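Let me begin by presenting the structure, written as structure tokens, before commenting on it.
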Amino acid sequence: MNRRPAHRGVRAALAASVVLLASCTNSSTPLARSPSSTEPTPQQTSLTATPTTSPTSPTARTTTSPKSSPTTKRATAPDYRLAGRDAYGPGPYALTANGLLGMPLAVVDVLDGYQALTGWAFTDDGSKNDGLRRFLGYWTVSAVDKNPCDENAGQIDAGTSVSDLADALAAQELSTTTKPVPVTIGGRDGLYLELTAPTALDGPCWGRDGRFRFNVWVSSPGGGRSLENPGQIDKIWIIDTERGRVVFIASSWNVPPSPGGSPAAPSAEATKNQELIDMVKSVRFVNPN
């Protein structure tokens, strides 16, 4: 039995199978990329890489609070006028203290019938026709005259506190003062008292010009307080502010007597003038610019 041809056929079939299997294996394996390949490399993305850039995320938007620029901020216009010689008529006026610079402005609700005498005082305009003069002033005090009618007598140290000044006024010669009582003006605490000049004075208290001079205190760097009538009463509010001690004066008196004539005591209406008291009670303090 001839078996050689059959054996050769089987071997040929096996060889063909091996070749076919190798061909299938090579076609399913990808070729390795060359490092110099110019084909773009896919980029990896992360869910947490840029969360604020997602258009669908509520946290994607960033908001900044608007900040006011100091160059564009508008200053609020004051609701008062500065007192001066042109100030006339009722309304709120700001007084500047006679004496030290930099003290708070005192805004006063001035009543009808008054006009500014200076930047620190108001007086009546004469329209009341009642024979009285009325005066409201705003001061600082550096020293108290020891003898109001003798400039050579020296001065009393007024200290810096409210009580220091009250004590110095009480120690003054010739004048009399009431016992100080607590008071509040413009939200600031202080003391209230009344100072009265004697009704019977002669000699040094009358100047060569025939005018009565009764020097109460000095307001450095310039100025001071003087009464112009015997028996004149000053209502005095000594108030402590965050910038120092200030003083308000309210005074009313009869028309001055003739030079060298008999002094007259002020009338009851002059010593109890409620208009001046009401204006002082209306005071509110504002800091100067």
Side-chain angles (χ1 to χ4, degrees), residues 78-141 165 183-188 190 192-197 211-219 222-229 232-239 241 243 245-256 266-267 269-289:
D79 60 350
Y80 55 83
R81 294 174 56 191
L82 289 175
R85 292 190 179 277
D86 60 340
Y88 184 86
Y93 292 88
L95 297 175
T96 304
N98 181 335
L100 292 176
L101 300 177
M103 304 306 289
L105 299 176
V107 179
V108 183
D109 292 334
V110 177
L111 301 177
D112 191 22
Y114 290 84
Q115 62 185 11
L117 181 64
T118 65
W120 47 269
F122 269 83
T123 185
D124 67 88
D125 59 9
S127 63
K128 299 181 185 299
N129 297 319
D130 56 6
L132 298 175
R133 292 295 304 276
R134 299 167 178 82
F135 175 84
L136 171 64
Y138 179 43
W139 314 74
T140 65
V141 178
L165 179 54
V183 70
T184 300
I185 298 295
R188 309 298 197 276
Y192 170 80
L193 58 90
E194 294 182 2
L195 181 145
T196 305
R211 296 184 61 185
F212 179 78
R213 282 295 180 191
F214 195 85
N215 299 317
V216 181
W217 64 58
V218 177
S219 298
R225 173 61 175 158
S226 296
L227 304 185
E228 298 183 359
N229 282 288
Q232 184 175 338
I233 299 174
D234 266 0
K235 299 174 178 63
I236 303 176
W237 292 261
I238 310 171
I239 305 300
T241 75
R243 297 196 176 195
R245 181 186 64 198
V246 296
V247 179
F248 294 95
I249 290 292
S251 187
S252 55
W253 61 94
N254 285 337
V255 175
S267 67
E269 181 181 0
T271 59
K272 299 179 181 179
N273 192 287
Q274 191 62 41
E275 289 182 348
L276 294 170
I277 296 174
D278 290 342
M279 286 197 290
V280 173
K281 288 183 176 181
S282 75
V283 165
R284 54 190 168 95
F285 293 102
V286 297
N287 289 328
N289 295 329

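As a basis for the values below, the full set of heavy atoms in this structure was taken, side chains included, without hydrogen atoms, waters or symmetry mates. Since the structure is predicted, the reported quantities are computational estimates derived from the model, not experimental observations.
Between Ala83 and Leu95, the closest heavy-atom pair is CB-CD2, 3.7 Å. Shortest non-hydrogen contact noted between Gly186 and Phe285 is O-CD1, 3.9 Å. Across all their heavy atoms, Pro90 and Leu111 have their closest contact at CB-C, 4.0 Å. The heavy-atom pair separating Pro104 from Pro288 by the smallest distance is CA-CD, 4.1 Å.
For the pair Phe248/Val283, a side-chain contact is recorded, criterion being any heavy-atom separation below 4.5 Å from C-beta on. Contact of the Tyr114 side chain with the Leu136 side chain is not registered, since no non-hydrogen atoms from C-beta on lie closer than 4.5 Å. Between Arg134 and Asn273, some side-chain heavy-atom pair lies under the 4.5 Å cut-off. In this structure, the side chains of Asp109 and Pro92 come closer than 4.5 Å at one or more pairs of heavy atoms. Residues Ile185 and Tyr192 have side chains not in contact (no heavy-atom distance under 4.5 Å, counting atoms from C-beta outward).
For the atom pair Asp124 CG and Asp112 CG, the distance stands at 11.5 Å (nearest 0.5 Å). To the nearest 0.5 Å, atom OH of residue Tyr93 and atom CE of residue Met279 are 11.5 Å apart. Residue Arg213 holds its CZ atom at 10.0 Å from CG of Leu227, rounded to the nearest 0.5 Å. To the nearest 0.5 Å, the span separating CZ on Phe212 from CD on Gln232 amounts to 8.0 Å. Between the CD1 atom of Ile249 and the CG atom of Asp234 there is a distance of 4.0 Å, given to the nearest 0.5 Å. One finds the CZ atom of Phe214 at 12.0 Å from the CG atom of Asn229 (value rounded to the nearest 0.5 Å).
Using a distance-only test at 3.5 Å, with no hydrogens or angles considered, no donor-acceptor pair links the side chain of Arg211 to the main chain of Glu228. At distances below 3.5 Å, not a single donor-acceptor pair connects side-chain atoms of Thr140 with backbone N or O atoms of Val246. Here the side chain of Ser219 pairs no donor or acceptor atom with the backbone of Val141 at under 3.5 angstrom.
Legend: residues meeting side-chain hydrogen bond (donor to acceptor under 3.5 Å, both in side chains) with Asn287, ordered by chain and number and at least two apart, are Arg243. Qualifying side chain to side chain contact (heavy atoms under 4.5 Å, CB included) partners for Leu193, counting only residues two or more places apart in sequence or in other chains: Ala166, Leu169, Thr177, Thr178, Pro180, Ile236, Ile238.
Taking the centre of each ring, Trp120 and Tyr138 stay at or above the 6.0 Å mark.
Ring planes of Trp139 and Trp217: perpendicular class, angle over 60° (limits at 30 and 60°).
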